[in-house]
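For reference, the structure is listed below as structure tokens.
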Amino acid sequence: MNAPLPNTGCSATPVLKQRGQREVFCGLTGIIWLHRKMQDAFFLVVGSRTCAHLLQSAAGVMIFAEPRFGTAILEEKDLAGLADAQTELDREVDRLLSRRPDIRQLFLVGSCPSEVIKLDLHRAAERMSIKHAPHVRVLNYSGSGIETTFTQGEDACLASMVPSLPETIEKQLLLVGALPDVVEDQALALLAAMGITQVTCLPARRSEQTPAVGENTVFALVQPFLGDTHAALLGRGARHIAAPFPFGAEGTTLWLQAIATEFGVSAEVFAAATAAPRARAEKAVAMVAQTLADKSVFFFPDSQLEIPLARFLTRECGMRAIEVGTPFLHRDLMAQELALLAEGPTLSEGQDVDLQLTRVREARPDLTVCGLGLANPLEAEGLATKWAIELVFTPVHFYEQAADLASLFARPLRRRALLAPLAPPAGPHLEAAE
């Protein structure tokens with residue numbers, strides 16, 4: 001269902017800004033979807049054994065698999081300054097590249113330990129790029145969770161690539177943000193149906209497909225958390241196509257319409273390309289929305305997807321947002337989303353988790369979207385929850401995934417309704433059984 005456009009939306013809504021204890025997931029997590037997307041890249045985390053355990057657990061890697069990520073372990077002597085960490089790192093990289101000749105891009109990923117001891121990975125990447133050129137390009141970025149949320153790992157990775165992208169003067173569209181290959185193919189097919197074929201992607205699936213950028217490049221973001229990448233591309237002379245993000249039938253249509261307008265696509269061609277998939281998406285979302293209609297939702301700040309998702313849930317699924325929290329509110333990227341989000345919810349930026357927990361307990365929403373660390377305690381208090389991280393790992397963009405996106409929110413409510421007659425109000429957390 002599409003609600004009427006609001007008069008003012010939330011563009012002028014005061015933002016509650018709080019700073020205190022935060023519940024965030026480490027930015028290293030972004031490696032899990034980035035290493036699947038970039039098929040000849042390797043992500044080498046310079047960190048501790050804890051970093052290695054986190055990645056192995058998050059990725060669910062089997063012991064006989066050979067993934068394209070790893071950890072250069074900082075031992076006690078490295079942390080104490082008793083060893084030359086740069087020399088040790090060079091040795092590890094040389095050994096890695098000799099064993100894995102398929103690697104074309106190597107990312108040195110900073111972590112909390114490497115940043116605490118001020119290990120200069122930028123200098124190391126420059127040195128290694130010269131040494132291993134032209135076969136391997138070495139870049140670095142920070143995935144540390146000290147000051148970032150887990151989606152900012154992707155932003156830092158893509159931003160690190162922008163300065164070394166080739167120059168071009170051609171008019172082209174650049175799609176920015178990591179998508180599953182099948183979803184990216186859907187987006188490219190929709191654009192091709194409108195006659196827009198000069199399209200590249202960042203990140204590219206392979207290094208030989210690395211996009212070029214220049215003053216005639218226009219780019220569209222597919223992820224809301226790419227603030228640093230957005231700034232880096234503007235610095236290269238590219239121009240941003242402002243639009244809502246392609247979540248749900250409405251968001252996808254508006255995102256495509258902004259691109260169509262930029263490239264002079266006629267209304268007839270646009271309708272021919274989008275009418276059928278849009279109708280399918282609206283019909284499929286409407287079926288799922290029967291579970292979500294008139295239910296309330298509360299977003300803890302986690303992924304920076306919160307505002308676009310709140311727009312989708314309230315406008316297309318009939319939900320009511322009580323609070324929409326986001327780790328960082330990027331006004332340039334969120335302007336059109338805020339204009340579409342009807343007045344009513346509290347908008348919050350940053351977090352003091354104790355104060356926010358007080359608010360959610362008072363509100364008693366039908367559904368709470370939060371991180372893993374908060375889900376179990378809230379479920380034990382009788383609140384239905386949805387893991388925020390699942391919204392990043394799961395294909396949710398564009399028309400064909402619109403109903404899947406709605407279903408991610410509907411399943412906890414359906415499960416709670418089924419279990420209600422069988423369990424006491426405060427039961428164990430069963431999210432993993434979905």
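No hydrogens, no waters, no symmetry mates; every other heavy atom, side chains included, goes into these values.
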What's the verdict on side chain to side chain donor-acceptor pair (under 3.5 Å) for Gln152 and Thr149, showing C-alpha distance, side-chain angles and the deciding distance? CA-CA 6 Å; Gln152 287 179 278; Thr149 61; 3.2 Å; yes
Salt-bridge criterion met for Lys131 and Asp90 (N-O under 4.0 Å): no
Under a 3.5 Å threshold, yes or no: a donor from one side chain and an acceptor from the other, between Glu154 and Gln223? no
Check: Gln18 side chain, Ser348 main-chain N or O, donor-acceptor pair, under 3.5 Å: no
So does Met161 get a backbone contact from the side chain of Ser164, meaning a donor-acceptor N/O pair under 3.5 Å? yes
ring-ring contact (aromatic ring centres under 6.0 Å, His included) test vs Trp255 passes for just one of Phe245, Phe247, Phe398, namely Phe398
Sub-3.5 Å donor-acceptor pair from the side chain of Arg311 to the main-chain atoms of Glu337, do we have one? no
Side chains of Leu191 and Leu256 in contact at under 4.5 Å (non-hydrogen atoms): yes
At what distance, to the nearest 0.5 angstrom, does CZ of Arg36 lie from CG of Asp181? 12.0 Å
With rounding to the nearest 0.5 Å, note down the distance linking CD in Gln209 to CG in Asp40. 9.0 Å
Report all side-chain donor-acceptor pairs from residues 225-234 shorter than 3.5 Å, counting only partners two or more places apart or in another chain.
unit_1	atom_1	unit_2	atom_2	d
Thr229	OG1	Asp155	O	3.0
Thr229	OG1	Asp155	OD1	2.7
Thr229	OG1	Ala159	N	3.4

Within a strict 4.5 Å, meaning less than it, do heavy atoms of the Val15 and Arg331 side chains meet? yes
Would you say the side-chain atoms of Gln351 pair up with the backbone N or O of Phe300, donor to acceptor, closer than 3.5 Å? no
State, yes or no, whether a side-chain contact exists between Asp366 and Ser296 at a heavy-atom distance under 4.5 Å. yes
Main chain of Gly47, side chain of Ser114: is a donor-acceptor contact present, judged purely on distance under 3.5 Å? no
I need the minimum non-hydrogen distance between Ala178 and Lys37, along with the two atoms involved. CB-CG, 4.4 Å
Should the pair Arg411-Glu390 be classified as a salt bridge under the 4.0 Å nitrogen-to-oxygen rule? yes
Using side-chain heavy atoms (C-beta onward) and a distance below 4.5 Å, is His240 in contact with Leu221? yes
Flag, side chain of Glu167 to backbone of Arg236, donor-acceptor distance under 3.5 Å: no
Minimum side-chain heavy-atom gap Ile31-Leu55 below 4.5 Å: yes
Quick one: are Val182 and Pro395 in side-chain contact, heavy atoms under 4.5 Å? no
Taking Glu379 for the side chain and Thr385 for the main chain, is one N or O donor matched with an acceptor at less than 3.5 Å? yes
Determine whether Cys157 and Phe107 make a side-chain contact, defined as any pair of heavy atoms from C-beta on separated by less than 4.5 Å. yes
Salt bridge or not between Glu262 and Lys171? Use side-chain N to carboxylate O under 4.0 Å. yes
Are Glu362 and Arg359 within salt-bridge range, i.e. N to O under 4.0 Å? no
Is a side-chain N or O of His132 found less than 3.5 angstrom from the main chain of Ser129, in a donor-acceptor match? no
Any heavy-atom pair between the side chains of Val353 and Leu374 that's under 4.5 Å? yes
Check the side chains of Gln105 and Ser207 for a donor-acceptor pair under 3.5 angstrom, ignoring hydrogens and angles. no
Here the gap from Gln56 atom CD to Ile32 atom CD1, rounded to the nearest 0.5 Å, amounts to 8.5 Å
Glu349 and Thr326: side-chain donor and acceptor closer than 3.5 Å? no
Please answer whether the main-chain N or O of Val396 pairs with a side-chain N or O of Asp404 as donor and acceptor at a distance below 3.5 Å. no
About how many Å separate OG1 of Thr71 and CG of Leu44, when rounded to the nearest 0.5 Å? 7.5 Å
Does the Thr151 side chain pair with the main chain of Ser303, one donor and one acceptor, at a distance under 3.5 Å? yes
